[in-house]
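A short worksheet on the structure shown next.
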Amino acid sequence: MSDTEKTAGDFREVYDRRGTMEPDFKVTSGLTPEIIRTISDEKGDPDWMREFRLKSLELYNTIPVPDWGPSLDGLNMDNIVTYVRPKSGMEHSWDDVPTEIKDTFESLGIPEAERAGLAGVGAQYDSEVVYHSVRKEVAESGVVYTDMDSALKGEHSEMVREHFMKLLPPTEHKFMALHGAVWSGGSFVYVPPNVSVEIPLQSYFRFNAAGAGQFEHTLIILDKGATLHFIEGCSAPKYNVANLHAGCVELFVGEGARLRYSTIENWSKNMYNLNSKRATVAKDGAVEWVSGSFGSHTSYLYPMSILRGEGARMEYTGITFAGAGQELDTGAQVIHAAPRTTSSITGKSLSKDGGRSTFRSSVVVNRGAYGCKTSVVCDSLMLDNKSRSDTVPVIDVRNDDVDIGYEAKIGRISEQAIYYLMSRGISEGDAKAMIVNGFAEPISKELPLEYAVEMNNLITLEMSGKR
Amino acid sequence: MSTLLEIRDLTVGVGEKIILRGLDLTINAGETHVLMGQNGTGKSTLASAIMGNPAYTVRSGSILFEGEDITNETADKRARRGLFLSFQNPEEVPGITLENFMRTAKSAVTGEKPRVMQFRKDMNAAMDKLNMPQGYASRELNVGFSGGEKKKAEILQLLLLNPKLAILDEADSGLDVDAIRIVSDGVRRYRNEGNALLIITHNAKLVEELTVDYVHVLDQKKISLTGSAELITRITEGGFAGLGDNKADKGGASASREAQ
């Protein structure tokens with residue numbers, strides 16, 4: 001265990017390392033049409049996008065802040081800088097990325113993971129993507145993996161325009177309106193019919209600036225029969241001012257296609273993580289979400305899957321760990337919009353040192369969606385008497401031929417189990433960490449090995465109270 | 001003969017309730033003790049107090065292990081000194097494989113990391129002897145194990161951790177005759193001149209093949225009677241009620257001390 005702790009401590013040090021390089025450009029804080037126009041000018045948007053941004057800002061100003069979740073009082077948009085461009089271009093070789101930024105990604109292990117077993121990598125630093133690359137053989141199979149800015153202006157511009165914020169429109173909620181206005185960076189993926197990408201693609205989002213926002217947009221389109229595993233990672237050093245992340249992920253899964261979307265989120269504890277993710281799945285297609293939420297001060301995160309075609313299926317497997325000062329409100333949503341669609345939601349949540357963890361699940365089965373199967377299992381573990389865990393399920397079924405399962409368990413860590421492990425010589429701290437890692441095991445086993453190791457390290461860090 | 005465990009005038013409670021009062025017991029290296037008693041007399045409480053279960057409070061008295069006072073030590077420290085308890089109802093711990101748990105425990109108890117391949121070999125050998133399929137190594141700790149499988153897994157831990165003093169709390173309850181023999185074989189394999197056993201049981205079968213040095217009867221919150229192995233036969237044949245006459249002249253701890 002002591003070995004793991006050391007590694008975990010090293011991890012913390014890496015996450016916390018602040019970059020010192022001055023940005024190339026940033027807008028003033030706050031939100032005005034002038035700021036939006038400046039971002040649009042700086043990015044060289046096509047006209048439609050410029051209008052889209054300004055319309056989104058109007059929406060932002062009319063939509064109220066959500067009144068049902070964790071408090072957002074600590075977030076003042078007047079103090080948030082929405083666009084920070086690092087001194088770097090969008091490079092295809094790590095050698096061309098400025099040393100300090102490259103070193104940051106090196107210490108996070110990104111280039112190493114790329115060499116070891118990724119089909120492609122995208123790396124974003126603050127508001128812009130600084131590196132994007134895809135293996136030659138993957139590119140030759142017709143797979144497109146590029147930064148969103150290039151996609152918006154390049155040969156796939158029509159495809160982007162057709163899909164951009166169609167699943168998650170700016171009208172969805174206040175922070176999607178904000179995203180529509182100030183989005184920058186992110187990745188675009190297109191996998192052609194029947195192409196199977198055997199090893200994962202990964203985009204990593206590093207957020208270095210203080211008092212700023214990151215608003216990357218991820219758009220993934222899988223054509224008929226395509227297969228892909230996409231991994232999203234994120235981290236940031238800690239500051240004493242609020243930071244905001246309002247990314248948007250839109251996934252289009254074609255007929256018979258299969259997409260796995262894995263996330264290890266480790267934002268620093270000054271972050272308001274108001275992220276939205278949504279997938280639409282065509283006939284016989286499948287989307288699988290694997291999600292680990294460890295960081296941020298406050299999170300709202302509930303990926304939605306719309307099962308639009310007959311036989312489509314979704315699986316969600318996620319874990320959330322709320323430590324001191326954290327309020328993490330996470331979950332999953334599914335809409336069964338076609339017959340014989342299936343969904344399975346497994347949520348695990350942990351809370352410790354006064355942290356608060358809420359798991360929301362929403363299952364909707366439409367009127368004509370006969371023969372659907374759905375199962376929701378959520379399991380919460382509180383590690384002490386100060387912490388809190390809530391489970392909020394919604395099940396809305398509009399026909400009578402549905403197979404539904406729902407199971408929720410909330411409990412404290414078992415003193416008897418701790419004693420049992422201690423009676424075998426294992427210290428109290430290690431015994432607790434073992435029980436918690438065991439609790440998380442159904443999620444970590446869904447992750448590629450190195451990410452599972454990272455997750456275990458994050459849990460050990462949380463358990464040791466070093467975060 | 002060196003003394004492993006010495007319990008002096010021990011009073012133990014759960015919450016407001018006193019379960020053991022003024023109990024004495026001494027166990028030396030090389031001895032096998034059997035503890036019997038009717039249900040609810042506090043046999044498991046004694047085992048828990050010796051192991052350091054935080055749910056039980058020692059109100060007064062002391063527990064010494066190899067001459068050192070461990071009354072206030074946590075269970076992990078006691079385990080590292082060489083104490084072991086085979087649980088009556090071992091906890092299920094999801095997400096941890098039996099093998100990983102065993103390796104972590106072994107390294108915690110010995111203070112050094114066992115080599116992975118060697119440890120696996122030792123573990124497989126021990127599992128073979130207990131008639132446990134090797135697939136159990138990769139199963140989650142006690143999760144979905146039958147009663148008998150849990151008991152075997154406890155004996156497996158006993159064999160691999162090789163403690164100085166092992167307390168077996170009803171290691172045979174709920175087992176069929178064949179399983180009892182396997183557990184009993186395992187216990188016999190563990191036992192040598194340098195270590196000791198305290199066996200809590202209702203069943204003569206488990207200890208049939210062992211050389212029992214002392215049999216204690218727990219009654220009225222303390223050890224009310226201590227005798228030799230033949231006491232087991234008397235209890236299994238006549239029940240605890242038939243012992244009534246002896247209680248007056250053979251008074252628990254003093255008898256135990258005299259016998260040594």
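Order of the sequence lines sets the chain letters (A, B, ...), proteins ahead of strands, with each chain counted from 1.
Counted within 6.0 Å of CZ on B/R115, heavy atoms from surrounding residues, nucleotides or ligands total 12 or fewer; the atom is thus considered open. In the displayed structure, A/Q416 atom CD is contacted under 6.0 Å by more than 12 heavy atoms of other residues, nucleotides or ligands. Counting heavy atoms of neighbouring residues, nucleotides and ligands inside a 6.0 Å radius, atom CZ of B/R103 exceeds 12 of them.
Interatomic distance, B/R80 CZ to A/I426 CD1, rounded to the nearest 0.5 Å: 9.5 Å. From A/L421, atom CG reaches atom CD1 of B/I96 across 5.5 Å, with rounding to the nearest 0.5 Å. Taking CD1 from A/I435 and CG from B/L141, the interatomic distance works out to 10.0 Å, rounded to the nearest 0.5 Å.
Within the 4.5 angstrom heavy-atom criterion, only side-chain atoms of B/L161, from C-beta onward, approach chain A. If you measure heavy-atom distances from A/S414 to chain B, the contacts under 4.5 Å come from the side chain alone. Of the atoms belonging to A/E415, not a single heavy atom falls under 4.5 Å from chain B. Using a 4.5 Å cut-off between heavy atoms, A/Y420 touches chain B through backbone and side chain atoms alike. Proximity to chain A is absent for every atom of B/N89, based on heavy atoms less than 4.5 angstrom apart.
Side-chain contact between A/M434 and B/V93: absent, with no pair of heavy atoms (C-beta onward) separated by less than 4.5 Å. A/Y419 is not listed as a side-chain neighbour of B/E91, based on a closest heavy-atom distance of 4.5 Å or more.
Counting heavy-atom pairs closer than 4.5 Å to chain A, the top-ranked of the candidates B/E92, B/K77, B/E154 is B/E154. Chain B forms the most heavy-atom pairs under 4.5 Å with one residue out of A/E428, A/R424, A/K445, A/E441, and that residue is A/R424.
Smallest separation of non-hydrogen atoms from B/A79 and A/G425: CB-N, 3.3 Å.
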